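Bear in mind that the values here come from a model prediction, so they are computed numbers and not experimental data. Naming convention: chains lettered A, B, ... in sequence-line order (proteins, then strands); numbering from 1 in each chain. Worth knowing before you read on, the calculation uses all heavy atoms, side chains too, and leaves out hydrogens, waters and symmetry mates.
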2 protein chains.
Amino acid sequence: MSSITWQTVQAEALRRIRTREWPPGSRIPDEAVLAAELGCARATVNRALRELAEAGLLERRRKAGTRVPLNPVRKATFEVPIIRQDIEGRGLVPGYRLLTRAVEPAPAALLASLPAGSLPPGAQLLRLRALHLAGDAPFCLEERWVNPLTAPGILVADLDGISANEWLVQNTSFTGGDIAFGATNADAETAAALDCPPGASLFVIDRMTRAGEALITSVRLSYAPGYQMQAVI
Amino acid sequence: MSSITWQTVQAEALRRIRTREWPPGSRIPDEAVLAAELGCARATVNRALRELAEAGLLERRRKAGTRVPLNPVRKATFEVPIIRQDIEGRGLVPGYRLLTRAVEPAPAALLASLPAGSLPPGAQLLRLRALHLAGDAPFCLEERWVNPLTAPGILVADLDGISANEWLVQNTSFTGGDIAFGATNADAETAAALDCPPGASLFVIDRMTRAGEALITSVRLSYAPGYQMQAVI
DNA sequence: AGAAATAATATGTATAGACATAATATCGCC
DNA sequence: GGCGATATTATGTCTATACATATTATTTCT
């Protein structure tokens, strides 16, 4: 029909940014002007530019207009797959083994890393250690604390066959959380579990999820040496 | 006025997903139905649900309707800051030191990791090794290959005071790339540069950016022990 | 001059209506 | 029953218009 889609407009805007027809730091024409120039409605231009702004390629402010940032802060998006799906996606057969299971008071190290109010004083948490396998090889060691108050049913759930993460995804509703990536040298216990030399460099994900203010679960995933996590820019 | 914004609709949809009023696997009401129920236009519902689908919390297909996925693949977005800004954001004073600079043929290891056509046969690349400092402490070792064909001017650029990354961001236009995170044990040379024990576990980012098919730059960033990268879910 | 009130303006968003598109369901035919 | 053509349907998108909102520019007042 009109053949001018928001994708068309977006591509054209991208082209002008990349060719420096719109140089870094400069202000670009108003939506209304672009709409007239490109022959489409302002809403179409709006959608195109809004998405570019969300991606960090433009900066928009009411009344001040739209500018090409001098130092674009590019945003990358990555998917946080369930480990089983991650393994399957690599063409391997996923396995899961629960190593230890206990109910313990929250350790000081965990309490220190949480904002106040995440846990009631003296809270008892479910502590899990489990190993994810890819084929016959260890893939990832999971060390997890679960708050039974926000994950009711976890204490009686059968976690021998299903990963706690999958149980939580299906049975709780989190409203937020954060995630951090890092690296650490394998300690003796971890090395034994992952069947790698002590001191080997492991990719580590620390993840915390909340329901409102309250902690649902905190987990550290230590991946076997060589693991890489991919993302697109 | 109407007071029903797309954010309102989105929040309500999120609530229904979280409370399992819309259980995993189920199909949710059509846009038109929701619009009537909530008292807004279909376009408003569309924007709310579209964003949830982009975040992985809903699955939408024409004619088939909208469903709550059984296994939501949550997507997390993180910002890829310029290292200098990363250091400043941690409240430290950034520093930069160019260690070595040479023009060499592309090494086999790099060629192997690139798709065919990324580089002409026998291409000469600029090889850089540089150290980023936070205060007086080493922060990150940068090992980079730059393709002068897609980064014209790089061979005569003054890279002693400015990071090659910043030069590239300001002087080239990339159309895509990919990024991978991993961990590795510090080799002797890297350990010396980062002032850490050999074998220490380092967080590593491998990043490649392209202009169309052609390589612009490939870089490995090895962060000093203890570095963590944060993201929000 | 400096501060406070006011006007102007670009983006942000809502709406109703229309058509496009992809996927599914149904019908007719062999 | 199986297959292919056709109808149906939910989402995807564009348009024109209107009003909201944040921010900047201007004017007015002291």
Query - Neighbour count >12 (heavy atoms, 6.0 Å) for atom CD, Glu213(A) - result: no
Query raised in the report: Does a nitrogen or oxygen in the side chain of Thr66(A) sit under 4.0 Å from OP1 or OP2 of dA10(C)?
Result: no
Report task. Mind calculating the distance between CG (Asp30(A)) and P (dG12(C)) to the nearest angstrom? Result -> 12 Å
Query - Side-chain donor/acceptor of Arg50(A) to base of dT13(C), under 3.5 Å - result: no
Requested in this report: Rounded to the nearest angstrom, tell me the gap between atom CG in Leu52(B) and atom P in dT11(D).
Outcome: 14 Å
Query raised in the report: Which of the following nucleotides, dA14(C), dA10(C), dT11(D), is nearest to the side chain of Asn46(B)?
Result: dT11(D)
Query raised in the report: Looking at the side chain of Lys63(A), which of dT23(D), dT13(C), dT8(D) is the nearest nucleotide?
Result: dT23(D)
Report task. Please tell me which of Ala43(B) and Ala32(B) maps to the more 5' nucleotide of DNA chain D, matching each residue to the nucleotide holding its nearest heavy atom. Result -> Ala32(B)
Report summary line: Interatomic distance, CG@Asp160(B) vs CZ@Arg97(B), rounded to 0.5 Å, equals 12.0 Å
Query raised in the report: Side chains of Pro148(B) and Leu125(B): closer than 4.5 Å at any heavy-atom pair?
Result: yes
Report task. Taking the side chain as every heavy atom from C-beta outward, state whether Leu49(A) and Ile28(A) have any atom pair closer than 4.5 Å. Result -> yes
Query raised in the report: Across the strands shown, which category fits Gln7(A) at heavy-atom distances under 4.0 angstrom: base, sugar-phosphate, nothing?
Result: sugar-phosphate
Report task. Return yes if the base of dT21(D) and the side-chain atoms of Arg62(A) contain a donor-acceptor N/O pair under 3.5 Å, otherwise no. Result -> yes
Query raised in the report: Rounded to the nearest Å, what distance is computed from the CD atom of residue Glu59(B) to the P atom of nucleotide dA10(D)?
Result: 18 Å
Report task. Quickly work out the Ile28(B) CD1 to dA10(D) C1' distance and round it to whole Å. Result -> 12 Å
Query raised in the report: Checking all strands, does Arg67(A) fall into the base, sugar-phosphate, or nothing category for heavy-atom contacts under 4.0 angstrom?
Result: nothing
Query raised in the report: Closest nucleotide of DNA chain D for Thr44(A) versus for Ala64(A): which of these residues is on the 5' side?
Result: Thr44(A)
Query - Separation of dT11(D) C1' from Glu51(B) CD (nearest whole Å) - result: 16 Å
Query raised in the report: Of the nucleotides dT23(D), dA18(D), dT15(D), which has the atom closest to the Arg42(A) side chain?
Result: dA18(D)
Requested in this report: Take atom CG of Leu38(A) and atom P of dT15(D), then tell me their distance rounded to the nearest Å.
Outcome: 11 Å
Report summary line: On DNA chain C, more 5' by nearest nucleotide between Arg61(B) and Trp6(B) is Trp6(B)
Requested in this report: Could you tell me the separation between the CZ atom of Arg60(A) and the P atom of dA22(D), rounded to a whole number of Å?
Outcome: 16 Å
Report task. Nearest whole angstrom, please: distance from the P of dC14(D) to the CZ of Arg47(B). Result -> 14 Å
Query - Out of dT13(D), dT15(C), dG12(D), whichever nucleotide has its closest atom nearest the side chain of Glu31(B) - result: dG12(D)
Query - Inter-residue atom distance Met229(A).CE - Tyr223(A).OH, 0.5 Å rounding - result: 8.0 Å
